[in-house]
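Below is one structure, written out as C-alpha cells; the observations come after it.
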Amino acid sequence: MTASGMTMARPKGTFSERFVRFWNRYLLFIFTGLAILYLMAPVIVIALFSFNDPAGKSNFVWQGFTLDAWLDPFGVAGLQSAVAVSLGIAFASTIISTILGTLIALAIARHVFRGRSATNLFIFLPMATPEIVLGASLLTLFVAIGAPPFFPLSAGTILIAHIMFSISFVVVTVRARLAGFPTHLEEAAMDLGANEITTFRKVTFPLILPGVMAAALLVFSLSIDDFVITNFTAGGTVTFPMFIYAKARIGIPPEVNVIGTIIFLTAVGLVALSTVLSRRRTMRDERLARMQIAEDHK
Amino acid sequence: MLAASEPFVTSSRPCSLQSEANVPTVDVKLVDVVKRFGDAVAVDHINLEVMDGEFFSLLGPSGCGKTTTLRMIGGFEEPTSGLIELQGQDVTWLPPYRRNVNTVFQNYALFPHLTIYENVAFGLRRQGVSDPELKSRVHEMLALVELSGFDARKPTQISGGQAQRVALARALINKPAVLLLDEPLGALDLKLRKQMQVELKRIQQEVGITFVYVTHDQEEAMTMSDRIAVMNRGRYEQLGEPEVLYERPTTRFVAGFLGISNLLPGTVGAADGSYAAVRLADDTTVRAPKSLFVADRSGVSVGVRPEKIRMHEQSAEPPAGHNQLSGTVRDASYIGVSTQYIVEARGGAQIMVYEQNVERATKAELWAPGESVRLSWSPDHTFVVTDDEGAAAAAPR
Ligand SMILES: Nc1ncnc2c1ncn2[C@@H]1O[C@H](COP(=O)(O)OP(=O)(O)OP(=O)(O)O)[C@@H](O)[C@H]1O
Ligand SMILES: [Mg+2]
C-alpha cells in the first residue's frame with residue numbers, strides 16, 4: 001500500500017468509530033452466518049459420519065473413510081422395513097389428512113353452521129395437548145375398543161393416530177390461506193356462470209393450493225419423525241424413528257446416517273426445485289408484461 | 001339526456017299506438033322485496049321496475065341498503081320476502097350462475113391467478129365457447145375497454161383504472177340482460193373517476209345493456225343516469241329522472257342529498273290558478289305549483305335551490321308574481337364563477353343564495369354583509385317537501 005493510498009483509503013476516525021462502522025456494516029452477515037452454522041452443524045455431523053468406518057458398534061468417533069454404508073444403505077437388519085413402514089404411513093397420513101383438513105378448513109371458513117365454534121376448538125386440541133398424553137390416551141382407547149382396525153396395535157393404528165394429529169395442522173394452515181382471499185372471488189366466478197363445483201376447481205382450489213401444499217409438506221415431516229405417539233400405538237411395528245431409538249443404546253450404524261442424509265437432501269432438493277419453478281414463473285410473467293409495456297409505448 | 005329519457009316519457013302512452021320495437025320492456029322488477037339480517041332491516045319493501053336499456057342508479061348514503069338490493073338481483077343474497085323478476089322470469093331463488101345478469105364488484109374481484117385474457121374469457125369458457133370465437137370475442141371486448149395487448153398480464157400488473165375496465169369487460173362479454181355495478185369507481189381518484197364516468201356511459205350506449213348502478217355520489221348519479229332511486233334506510237324516497245329529483249324533490253332527505261337547498265317551513269293556504277299559497281313563519285306568503293302538494297297535509301316546507309334566487313335592492317320591485325323575501329346579508333364568499341351569500345330572512349331563516357358573477361364582479365359591486373336585500377324567485381322553481389321520509393316511496397312509479 002502506498003502512502004497516498006493509505007491516507008486516501010484509510011477510513012477516518014478513531015478505532016472505536018471504525019469498529020462501530022464495521023459492526024454496522026457486517027452485523028447482519030455475521031449473525032446470519034452464525035445462525036446457519038448453528039442450524040447446520042448437526043446435519044453436517046450426520047452427513048460426515050455416514051462415511052465413517054466405525055471400529056466397534058458405536059459411530060461416535062471418526063475412524064476412517066469408507067463408502068460401505070452408502071453402497072449398501074439397507075445392510076443393517078430391520079432398517080429397510082422400518083424405513084418402508086415410516087414412508088408408507090407418512091404418505092398415507094399426508095394424503096388423507098390433507099384432504100380431510102382442507103375440507104374442514106373450507107367448511108369453517110366459508111359456512112356458518114351449528115357447532116362451528118366447537119369444531120374450531122376441537123381442531124386446536126391435538127396441537128395443544130402434549131404428545132405423551134395423546135399417545136397414552138390413544139393406547140387406552142385402542143385397547144379398550146379391542147377390535148380391528150383399532151386393535152391389535154399395528155401400522156394401521158399408527159396411521160389413525162398420525163391422521164388425527166395431522167388434520168389440525170392442515171386445517172390451521174389452509175384456513176390461514178383462505179382468510180387471505182375474499183369471498184368476492186367465488187361470487188365473481190358464480191356470477192360468470194360457474195356452478196359450485198366449477199368455482200371450486202377453477203378459483204378456490206388454485207388459490208388455496210400453495211397453502212395445501214405447505215400443509216402437506218408439514219404433516220409429512222411431522223409423520224415421518226414422530227416418535228412419542230407412534231411408540232404408544234405401534235404394537236410390534238417398528239418405524240424409522242423407533243428403529244433409531246432402539247439402536248441408540250447399542251450404537252447407531254452409519255447406514256442410519258445415510259438414510260438421514262438422503263431424507264435431508266430430498267427435502268432441500270424439493271424446496272430448491274419449488275423456488276426455482278416459482279421464480280421462473282414470475283420472471284416469465286414479468287418479461288411478458290415488460291414486452292407489452294414496451295409495445296404500449298410504441 | 002333527452003334522447004335517453006324519451007322511452008320513459010312515451011311509455012305512458014297506450015301501447016297499441018307504438019311499434020313493437022319501441023315498447024320498453026321491464027328488465028328488472030322488484031316486488032315488495034324485504035331483506036333482514038337478524039333484527040336489522042337492510043331493505044324494506046322495495047318496489048322497482050328498471051326498463052330495458054336504461055341506466056338506472058341506486059343512490060343513497062352509506063348503509064342504506066344499496067349493495068344488499070344489488071346483491072339480491074345478482075343472486076348472492078336471498079330476500080327475506082318478495083319477488084325478483086328478470087325479463088319477466090321469476091329468479092328469486094335461482095343461483096347467480098342461472099341468472100342472465102353480471103356484476104362489476106366494488107373491489108373488481110379479478111382472479112389473481114389468471115391472466116387478463118383468462119379473466120375476460122372466464123364466462124365464455126363456462127358457456128363452452130371454443131377457441132377461434134373465444135379469442136376474437138375476448139380481443140373485441142378488450143378493444144372496447146381500450147386494453148388491447150394486455151392479454152398476458154396478471155391483475156397485479158395493471159393499474160386501478162385498468163383493473164376496473166377489465167372487470168367491466170369480464171362482465172360485458174357475456175352479453176347479460178342486465179349489468180350490476182356496485183360503486184365501480186369508488187376506488188379511483190377524482191380525475192380518473194370523471195374520465196371513467198364518461199367512458200362507462202359511452203360503453204353503455206354502445207352495447208345497449210341495462211345498467212343498474214350503485215353509488216353514494218350524487219354528482220356521479222346525476223351525470224350518468226337515466227333515472228335514479230334515492231334510497232334512505234332500506235327504501236327509496238323518490239324515483240325519477242335526475243332533473244326531476246333536483247328541481248322537484250319531494251322529501252327533505254332528497255332535497256338535502258342532491259345539492260344544497262333552502263327549506264322554509266309553513267302552512268298551506270288557499271290555491272289560486274295552478275299555484276297554492278304557503279304562509280311562512282315571518283308571515284310572508286309564497287306560492288308553489290299546486291300539483292306538488294300532498295292532499296290533507298297542512299304543515300309542509302317549501303324549498304328553493306340557491307341558484308334560483310335573485311337578489312335586489314330593498315327598494316327595487318321584483319318581477320311580478322315572483323315569491324319574495326326580505327332579509328339582511330350575513331355573509332358573502334367570492335368563489336370566482338359565483339358568489340355565495342347567506343341572507344338572514346326577517347323570520348330568522350338562513351337562506352343560501354348563489355349569484356353568478358356577471359353583472360357584479362368587483363368587490364365594490366358585490367353585496368356586503370349588513371346590507372338589506374330583497375330576494376325573489378319564480379313560483380315554478382319552488383318545490384314542496386314533506387318531512388316524514390318514505391311517504392312517497394311505497395308506490396311503484
Ligand atoms: N351480511 C350482513 N349481515 C348483517 N348485516 C348486514 C349484512 N350486510 C349488510 N348488512 C346491513 O344492512 C344494511 C345495508 O347494508 P348495505 O351493504 O346494503 O349498505 P350500502 O347502501 O351498500 O352502504 P355503503 O354505501 O356503505 O356500501 C347496513 O345497515 C348493514 O349493516
Ligand atoms: Mg355498498
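Nothing here was measured: the structure is a model prediction, and the numbers come from that model. Below, read A as the first sequence line, B as the second, and so on, with proteins coming before strands; counting in each chain starts at 1.
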Quick check for you: among [options], which has the greatest number of heavy-atom pairs under 4.5 Å with chain A?
{"options": "B:Leu124, B:Asn107, B:Val104", "answer": "B:Asn107"}
{"options": "B:Pro112, B:Ala167, B:Gly75", "answer": "B:Pro112"}
{"options": "B:Pro95, B:Pro176, B:Gly74, B:Pro96", "answer": "B:Pro96"}

Chain A contact via [X] - side chain, backbone, both or neither, heavy atoms under 4.5 Å:
{"X": "B:Arg98", "result": "neither"}
{"X": "B:Asn102", "result": "both"}
{"X": "B:Leu110", "result": "backbone"}

Kindly check if the number of other-residue, nucleotide or ligand heavy atoms within 6.0 Å of [atom1] ([X]) is above 12?
{"X": "A:Tyr38", "atom1": "OH", "value": "no"}
{"X": "A:Arg110", "atom1": "CZ", "value": "yes"}
{"X": "B:Phe37", "atom1": "CZ", "value": "yes"}
{"X": "A:Ile197", "atom1": "CD1", "value": "no"}
{"X": "A:Met213", "atom1": "CE", "value": "no"}
{"X": "B:Lys35", "atom1": "NZ", "value": "yes"}

Drop me the distance from [X]'s [atom1] to [Y]'s [atom2], to the nearest 0.5 angstrom.
{"X": "A:His184", "Y": "B:Phe76", "atom1": "NE2", "atom2": "CZ", "result": "8.5 Å"}
{"X": "A:Asp191", "Y": "B:Arg170", "atom1": "CG", "atom2": "CZ", "result": "8.0 Å"}
{"X": "B:Tyr97", "Y": "A:Glu196", "atom1": "OH", "atom2": "CD", "result": "3.5 Å"}

Engaged part of A:Leu185 at the chain B interface, taking heavy atoms whose separation is under 4.5 Å
both
Between A:Leu192 and B:Arg126 the two heavy atoms that sit nearest each other are O-CG, 3.8 Å
Nearest non-hydrogen partners of B:Phe122 and A:Ala194, listed with the distance:
CE2-CB, 4.0 Å
May I ask you to decide if A:Lys202's main-chain N or O and B:His113's side chain share a donor-acceptor pair within less than 3.5 Å?
yes
